[in-house]
Amino acid sequence: MKALSQLLSAIPVIEVIGSDDKQITDVVSDSRRVTTGSLFVAVRGTQVDGHTFIPLLQYSGVAAIVCEELPEFLETSITYIRVANSAVALGHLASEWYDNPSRQLKLVGVTGTNGKTTTATLIYEMARLMGYKAGLLSTVCNYIDTEAVPTSQTTPDPLTINALLRRMVDNGCLYASMEVSSHAAHQHRIAGLHFTGGIFTNLTRDHLDYHKTVEAYLQAKKSFFDDLPSTAFALTNADDKTGQVMLQNTLAKKYTYSLRTQADFVGRVIESRLDGTSMSFNGREVEVLFTGRFNAYNLTAVYAASVLIGWPVEQVLVAMSRLVPVAGRFQAFHSPKGFTAIVDYAHTPDAVVNVLQAIREVVGTRGSIITVVGAGGNRDKGKRPIMAKEAALRSDRLILTSDNPRNEEPADIIRDMEEGLDIEGRKKTLSIADRREAIRTAAAIAQPGDVILIAGKGHEDYQEIKGVKHHFDDREVVKEFLL
Ligand SMILES: CC(=O)N[C@H]1[C@@H](OP(=O)(O)OP(=O)(O)OC[C@H]2O[C@@H](n3ccc(=O)[nH]c3=O)[C@H](O)[C@@H]2O)O[C@H](CO)[C@@H](O)[C@@H]1O[C@H](C)C(=O)N[C@@H](C)C(=O)N[C@H](CCC(=O)O)C(=O)O
Ligand SMILES: Nc1ncnc2c1ncn2[C@@H]1O[C@H](COP(=O)(O)OP(=O)(O)OP(=O)(O)O)[C@@H](O)[C@H]1O
Ligand SMILES: N[C@H](CCC[C@H](N)C(=O)O)C(=O)O
Ligand SMILES: [Mg+2]
């Protein structure tokens, strides 16, 4: 329970109609979760407007309602609080409700099109290697110290975020890292959080179904940096063309990392192999268990963030060599027949390019690359032909298949992908909608020295078809066909 007046002190209020001398039993943003004494926050969503449920709450026992627009009829038993932006208010109220856990640990947020899960997870791992308890909010899984808490989102809603951060603090966690998706930034899911630092990885095409333009997508990510406090660090990728844009309006202390130019934190790739890379961080050489330039970027960001957090450089350098790849990110499986299969979450054109470049760098002309890839249904359609085109350009054989078709027909998605292929591309391509069959075919074609890339689903252990998640795990399937 908390006094309504205390909760309201956390948000800018336009007007309060009714008494603020009440005890609140719960803060909710879903009318279906209202119980006696709840504070309901009416948020305008992508499907419905939370305001439409206000009249239905008449006899629900709701104590107070935060909204942008007052309903026509006001109940005397309910306190109405008018605010300029309910989504922002919800973020602040969620923090206040859980006693501001983000101020009781050091929280680092990671945004960018690709590399968020990898970077956030490795910062969490680094904190643990430094001997601290830590927490993680990521696409793959949330962690409260060592306890895994399953997730279905990259960045959860504000009440879930704060509930998890609260549990981290109560568990003794001193550090937490989290992914900040563009959806979350745009929908103010992170409003009210106190960040110790923010990291930008890169910006390439994705999610245009939601943001419509690259500019709007960029602005969503930038808003995370715009809102960082002056005490925080803002760490950006100097090699990305939008890297500097992220820092334009931030109050935070600005830092850069790079693999190519002068920067505060410089990473260099010395030698790349399928099982690791020799690289250096600010001139100090380290063997890491990761492959590909994109991972060298992620690791340089992790090194930089670790130093900016204040962990001792010598210990950080030793720990860099102990970090291991994240589930479903460039996860390699070696066949006794002499070929290798790599399961990777590349589901954007840029990620497909990066992961194939990384493989080609190591394989050279000694082996062929066979790529199995699809694209998700009910997601950015524009990326489909580009993903197929880039995959065909960089592979010897290409098998187009199904990802999560969701409510679309797999054959339609594959057709959209095929549109991106020229004559040369079509010659080397097979389309096999059944993903299991596609992987089996790749394994049957593979010769010793070849590398199969199975892209798009990484850690996912399901295939979502018409609202139902069927068990499907690329890693399990590939293991079956290695022998
Ligand atoms: C499209 C989208 O982003 N939707 C997110 C959004 O929900 P919404 O705006 O669609 O909600 P809505 O259904 O319109 O409802 C609006 C409001 O009315 C309320 N409501 C609704 C019904 C009712 O009876 N009563 C009621 O009060 C809802 O609780 C909500 O507060 O806000 C919700 C709470 O934060 C999110 O859970 C939800 O994510 C959905 C499940 C989703 O799939 N989102 C994806 C696209 C997403 O966010 N992805 C990114 C990562 C992408 C990546 O990794 O690349 C992520 O961060 O996970
Ligand atoms: N720094 C990077 N630059 C470009 N591509 C990357 C980078 N890091 C990872 N990738 C590619 O993107 C895929 C997804 O990586 P990761 O899960 O770390 O990103 P993410 O930003 O969390 O993605 P999502 O938005 O889906 O949660 C990887 O499997 C890899 O193919
Ligand atoms: N979290 C992202 C990644 C999707 C990965 C891919 N497997 C797909 O289903 O499109 C999304 O929901 O757009
Ligand atoms: Mg992620």
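Just the heavy atoms: all of them, side chains too, but no hydrogens, waters or symmetry mates, feed the values below. Counting convention: from 1, in listed order, for ligands and their atoms alike.
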Trainee: Is the F195-F224 ring centre distance short of 6.0 angstrom?
Mentor: yes

Trainee: Taking distance alone, with no angle check, do R406 and ligand 3 share an N/O pair under 3.5 Å?
Mentor: yes

Trainee: Check the pair T371 / S395 against side-chain hydrogen bond (donor to acceptor under 3.5 Å, both in side chains), numbers first and verdict last.
Mentor: CA-CA 6 Å; T371 298; S395 312; 2.7 Å; yes

Trainee: Aromatic rings Y255 and F265: how do their planes relate, parallel, tilted or perpendicular, breaks at 30° and 60°?
Mentor: tilted

Trainee: Using a 4.0 Å cut-off to any heavy atom of G376, which atoms of ligand 3 qualify?
Mentor: 8 (C), 10 (O)

Trainee: Just to confirm my output: which protein heavy-atom neighbour is closest to atom 2 (C) of ligand 3, and how far is it?
Mentor: Y345 OH, 4.1 Å

Trainee: Among all protein non-hydrogen atoms, which one is nearest to atom 8 (C) of ligand 3, and what is the separation to 0.1 Å?
Mentor: D403 OD1, 3.3 Å

Trainee: Quick one, list the residues around ligand 2 where some non-hydrogen atom comes in under 4.0 Å, by chain and residue number.
Mentor: T113, N114, G115, K116, T117, T118, T139, T154, E179, N202, F294, N298, R329, D344, Y345, A346, H347, D350, A351, N354

Trainee: Would you name the heavy atoms of P158 and G91 that are closest together and state the gap between them?
Mentor: CB-CA, 3.9 Å

Trainee: For G456, counting its heavy atoms only, list the atoms of ligand 3 lying under 4.0 Å from any of them.
Mentor: 5 (C), 6 (C), 7 (N)

Trainee: Please find the N/O/S atom of E179 nearest to the Mg ion (ligand 4) and write down its name.
Mentor: OE1

Trainee: Checking side-chain hydrogen bond (donor to acceptor under 3.5 Å, both in side chains) between Y297 and each of N114, T119, D239, D240, which is the one that passes?
Mentor: D239

Trainee: Would you please test K469 and N404 for side-chain hydrogen bond (donor to acceptor under 3.5 Å, both in side chains) and show each step?
Mentor: CA-CA 9 Å; K469 286 186 173 174; N404 290 309; over 6 Å; no

Trainee: I need the nearest protein heavy-atom contact for atom 11 (C) of ligand 3: residue, atom name and distance, please.
Mentor: R379 NE, 3.3 Å

Trainee: Given OG1 of T117 on one side and OG1 of T139 on the other, what angle do they make at the Mg ion (ligand 4), to 10°?
Mentor: 90°

Trainee: Give a yes or no answer on whether the side chain of D473 reaches the backbone of R475 with a donor-acceptor pair at less than 3.5 Å.
Mentor: yes

Trainee: Which residue in the set R435, K479, R436 passes salt bridge (charged side-chain N to carboxylate O under 4.0 Å, His left out) when paired with D474?
Mentor: R435

Trainee: Which is it for E460 and ligand 3 at heavy atoms under 4.0 Å: side chain, backbone, both or neither?
Mentor: side chain

Trainee: Y175 and ring pair (Phe, Tyr, Trp, His ring centres under 6.0 Å): which partner among Y124, W311, Y143?
Mentor: W311

Trainee: What atoms in ligand 3 come closer than 4.0 Å to a heavy atom of N404?
Mentor: 7 (N), 8 (C), 9 (O)

Trainee: Counting only N and O atoms by type, is there a donor-acceptor contact under 3.5 Å from the side chain of K389 to the main-chain atoms of P385?
Mentor: no

Trainee: So, F472 versus Y462, ring centres under 6.0 angstrom or not?
Mentor: no

